[in-house]
Protein chains: 4
Amino acid sequence: MGRTRDEEAKARILDASLEVLEELGYPGVTTEAIAERASASKATIYRWWPNKEAVMLEALREAVAQELPFPDTGTLKDDIRIQVHNFVKLLNSTRGRAFKGIIAAAQSDSTVAEAFLSIWVLPRRASARRGIERYKKELRPGVDLEVLLDALYAPLYYRLLIGHQPLTIEFADQMMELLWKGLHAPSPTDQPR
Amino acid sequence: MGRTRDEEAKARILDASLEVLEELGYPGVTTEAIAERASASKATIYRWWPNKEAVMLEALREAVAQELPFPDTGTLKDDIRIQVHNFVKLLNSTRGRAFKGIIAAAQSDSTVAEAFLSIWVLPRRASARRGIERYKKELRPGVDLEVLLDALYAPLYYRLLIGHQPLTIEFADQMMELLWKGLHAPSPTDQPR
Amino acid sequence: MGRTRDEEAKARILDASLEVLEELGYPGVTTEAIAERASASKATIYRWWPNKEAVMLEALREAVAQELPFPDTGTLKDDIRIQVHNFVKLLNSTRGRAFKGIIAAAQSDSTVAEAFLSIWVLPRRASARRGIERYKKELRPGVDLEVLLDALYAPLYYRLLIGHQPLTIEFADQMMELLWKGLHAPSPTDQPR
Amino acid sequence: MGRTRDEEAKARILDASLEVLEELGYPGVTTEAIAERASASKATIYRWWPNKEAVMLEALREAVAQELPFPDTGTLKDDIRIQVHNFVKLLNSTRGRAFKGIIAAAQSDSTVAEAFLSIWVLPRRASARRGIERYKKELRPGVDLEVLLDALYAPLYYRLLIGHQPLTIEFADQMMELLWKGLHAPSPTDQPR
DNA sequence: ATCTAATCGAGACGGTACGTCGAGTCTTCCC
DNA sequence: GGGAAGACTCGACGTACCGTCTCGATTAGAT
C-alpha cells in the first residue's frame, strides 16, 4: 500500500543522470549533482537504485532501448554493415561517453558488470546471433558464432576505450572486409576447388 | 645541495601499488593504502607522481617492461600465435586486474589515457607492426596493418573488460583462425583464380 | 461531515510516544518510531499535533493529570513534605525521563516551552500556592510565594537535570529543613525577643 | 610526529560555535554551519571532538574559564551575594543560551552530561564549597554543604530553563534572604535561648 | 441505501544534517 | 633538502528523520 512511486521523478532522475554525464563527464556524475538537477532528493535515488552506476545503466538502457534492431535486408554482409555502422554512430554520439563510464565502473563493481551484461551486452549479442544464423550456410564451416560476434564488436569497443585511433565508419568497413575475406593471401595451392 | 631521490622509497611505493591493486581491487587502491603499505608518506607519492593512476601505470610498466617481445619463428602464423598466447596468459594473471583498473581510470582521466597509450599500447603495437611487416607479402593485398592489429588485440581486451565469456587460449586460437581465413565461405564463382 | 477522529488511534499514539521515550530515551523519539509502534501513519500524527514534542507533552499531561494534588493535612510542614515526596517519586520513576526530554525540547522550541508551562508548571504552582496560602500567617513576613515555590521545586528539577547527586527523599528532607530554618546560625544578639 | 594540531583552526572552530549558537539559537548549531563559519572542514571538527555538543562545551568553558571566581570580602553573605549576582548576569547574557543548549543536549547524551559536570558544574561547586567553608561556624549546625549549594544555584538554573518568571537580581536577592532566614516565622516558644 | 467527505495506514517525496572517507596539500620534525 | 607522520580543506558518500504528499481503503453523517 502507500503512495505509489512517482514516475515523473524517476524520469527526471534518469534524464538528469545522462545530462550530467554528457555535460560534465563521468567524474562529474555525483548523486548530489543528479539529485539537484532532477529536483529530487538523494534519498529518492537511493530508495530505488543501489548506486549511481545503476541509475546511469538504467538511463542508458532506456535511452537506447529501441535503437539498433538487427536489420534484415536479405543479405548477410549488408545486415552486418548496417548494424555495425549504427553502433559506430551510437558510440560516437554523446552516448559514447556513457558507455565509457559504465564500462569503467564495471571493472571494479561486479553488480554493474552483471547489469551491463544482462541489460545491454547479452541481449544485443542474442539479437545479432539470431540475425546472423539465418545465413548460416554462407558462413565458412567451423566458424563459432560467439567468436564471430566478438570479432565484430570488440574492435569498436576497443577504439572507444583505448582511443589510439578514431572510431570511424571507414575503420569499421575495413575491419569487416578483413573479417570477411581473412587476412591471409591464399597461395594457389591451398585454394578451394 | 640537497638530498637525492630515495630510490628505495620509490621501489616500495611501486611494489605496494601493485600489491594493493591485486589484493583489494581497483577501488581499494587509495593513496593512503599505498603509503601505509610502502611505509611512505602521501607527500612523497605526490612529489613524484601527479596522482595514484600514474603510480599504478609506472608500476605496471616496470612489471611488464621486458615481457612479450614479438617473437621471430620465421612463420607469420606462429609469431602471431605465440604473441597472442603470451598476452592471453598475461591478462589472465594477477596483472589482468591492473589492466582493468588502469583502463577504467583512463576513461575519465585523459592523462592516464595518454600515459597508458604512450607507455604500453603504442610501443606494443609498434613492436607487433614491425614483426608482422616482415611477412607483408603473405598478407592479402589491401589489409591495413592498424586494422589488423586491432583485429588481433581487441577481442582479448574485450573479453577482459566485458567478461561475457572467458578469455582462453582456445578462444584466441579460434579468433586467429577466423581472422586468418575469413568468415565467409567462398562460393565457387568468387574464388581467386 | 466525514469520518470522525479515531480516538483509538489517538490513544495508541500517545501511549506509544511515552513508551518510546522511556525505552529509547529522547533521541529515540522519532515520529517514525511513534507511528510504527502505534500502527499509525505519520500523517495522522501531524494532522493532530504540530510536532512530536506536542505529542509527548499531551501524553505526559494525560499520564500525570490526576497525580499530585496538593495535600491538606492541616499542617504546613506536612503538606509540603508530602507534596515534595510525591514529586521526588514521580521524577525518579520512568516519567522522569519524559520530563527531562520535554524540558530539553523546550530549550530550543518556544511552543514546547509555552505548552510545558501552561499545561504542567503553572497549574502545579497555582495549586501549591493555594495550598500554602492557607498557612500564610505561619510564614515569616516578607516571604514571596513565587520565590518560595522556586526554592521548593528548583532543587528537584536541578538534580534531575544536572545529575551531580541523586535525587533522594533524604535530600528533599534536608532541603526542606534548610528552607524551614534558614542557613544562618543566629547569634544571640539578633534573636527575636 | 607529523604535523601538529592547528591551534588557530581550533580557536576558529570554538569561536564559530559560540557565534552560531548566539545568532541562530541551539537548533541552528550544525557541524556544517560551524565548519563553514570557521573556514574549517567537518573532518577537522570530528577529528578532535566527538560531536558538536563537545565543541560547544569546550567553547563555553574557554569563554567563561576565568569568570566567576568565588569572592572573598570577609563576609559570608556578601561573598554569596556577589557570586550569585555574577552568575545571574552570566546566565542573562548571550552565554545563557549556550547553557540552555548544553543542558538540553546533556539530557539525552551522557557524554555531554558528564563533560558538563566535570568541566563546569563540579569545579564551580568545589570553588564555592571552599569559599563557604571558611565561614563554617556562622552556619546553622546540621546544614549540609551540598544541599546548601543546590539551594543557592538550583533556582537560577530553574528560572533559566523553565522560564516561568524572569531571572533577575531582585529574585536572587529574595531567594538569598529566604535561605538566610528560613521561611518559617518562629513562634516565641521555639526560639533559641 | 447510497453518496460524500474526512479519516485512516502506508509509504514515497524534497529536504537538511549527519558522520565518514579519500584526494591532494601543507607543516613539523628527523636524518 | 628529502622523507615519514599526520593534520588540513574540500567534496562526495550513503543514512536518518523531518514534515508533506498521495494513494486506496474505511467509516461516518447527509441525502
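In what follows, every chain begins at residue 1, and chains take the letters A, B, ... in the order their sequences are listed. None of the values given here were measured: they were computed from a predicted structure.
Side-chain atoms of D/Arg3 and base atoms of F/dA7 include a donor and an acceptor less than 3.5 Å apart. Taking 3.5 Å as the limit, the base of E/dG15 and the side chain of A/Lys42 contain no donor-acceptor pair of atoms between them.
Salt bridge D/Lys10/D/Glu58: present, at least one basic N to carboxylate O contact under 4.0 Å. Looking at C/Arg37 and C/Glu23, a side-chain N of the basic residue comes within less than 4.0 Å of a carboxylate O on the acidic one, giving a salt bridge. A salt bridge is defined here as a Lys NZ or Arg NE, NH1 or NH2 lying under 4.0 Å from an Asp or Glu carboxylate O, and D/Lys52 with D/Glu32 fails to meet this definition.
The nearest pair of heavy atoms linking A/Leu160 to B/Gln107 is O-OE1, 4.3 Å.
Each of A/Thr30 and D/Asp6 was matched to the nucleotide of DNA chain F holding its nearest heavy atom; the match closer to the 5' end belongs to D/Asp6. Mapping B/Lys52 and D/Thr31 onto DNA chain E by nearest heavy atom places D/Thr31 closer to the 5' end of the strand. Comparing A/Ala33 and B/Ile13 by the nucleotide of DNA chain F that holds the closest heavy atom to each, the one mapping nearer the 5' end is B/Ile13.
A 4.5 Å side-chain heavy-atom check between A/Phe116 and A/Leu57 finds at least one atom pair inside the cut-off.
The backbone N or O of D/Ala54 sits less than 3.5 Å from a side-chain atom of D/Asn51, completing a donor-acceptor pair.
For D/Arg47, no side-chain nitrogen or oxygen approaches OP1 or OP2 of F/dT9 to under 4.0 Å. Contact between the side-chain N/O atoms of B/Trp48 and the OP1/OP2 oxygens of F/dG2 is not found at any separation under 4.0 Å. An OP1 or OP2 oxygen of E/dG9 is reached within less than 4.0 angstrom by no side-chain nitrogen or oxygen of C/Ser39.
Rounded to an integer number of Å, the gap from D/Asn51 CG to E/dT20 C1' is 15 Å. The CG atom of C/Leu24 sits 15 Å away from the C1' atom of F/dA16 (whole-angstrom rounding). In this structure, D/Glu32 places its CD atom 13 Å from C1' of F/dT15, rounding to the nearest Å. Rounded to an integer number of Å, the gap from CH2 of D/Trp49 to P of E/dC18 is 15 Å. A straight line from CD of D/Glu36 to C1' of F/dG11 spans 14 Å, rounded to a whole angstrom. Taking atom CD1 on B/Ile34 and atom P on F/dA4, their separation rounds to 14 Å, with Å as the unit. Between B/Ile45 atom CD1 and E/dG22 atom P the separation is 14 Å, expressed in whole Å. Rounded to an integer number of Å, the gap from D/Glu8 CD to F/dT9 P is 10 Å.
Minimum atom distance to the side chain of C/Tyr46 is reached by F/dC18, of the listed F/dC18, E/dA17, F/dA7. Each of F/dT15, F/dC23, F/dA5 was ranked by its minimum atom distance to the side chain of D/Met1; first place goes to F/dA5. Here the nucleotide nearest the side chain of D/Ser41, chosen from F/dC10, E/dA10, E/dC8, is F/dC10.
Nucleic acid contact for D/Ala35: none, since no nucleic acid atom lies under 4.0 Å from a heavy atom of the residue. If you check every strand for non-hydrogen atoms under 4.0 Å, C/Arg37 touches nothing.
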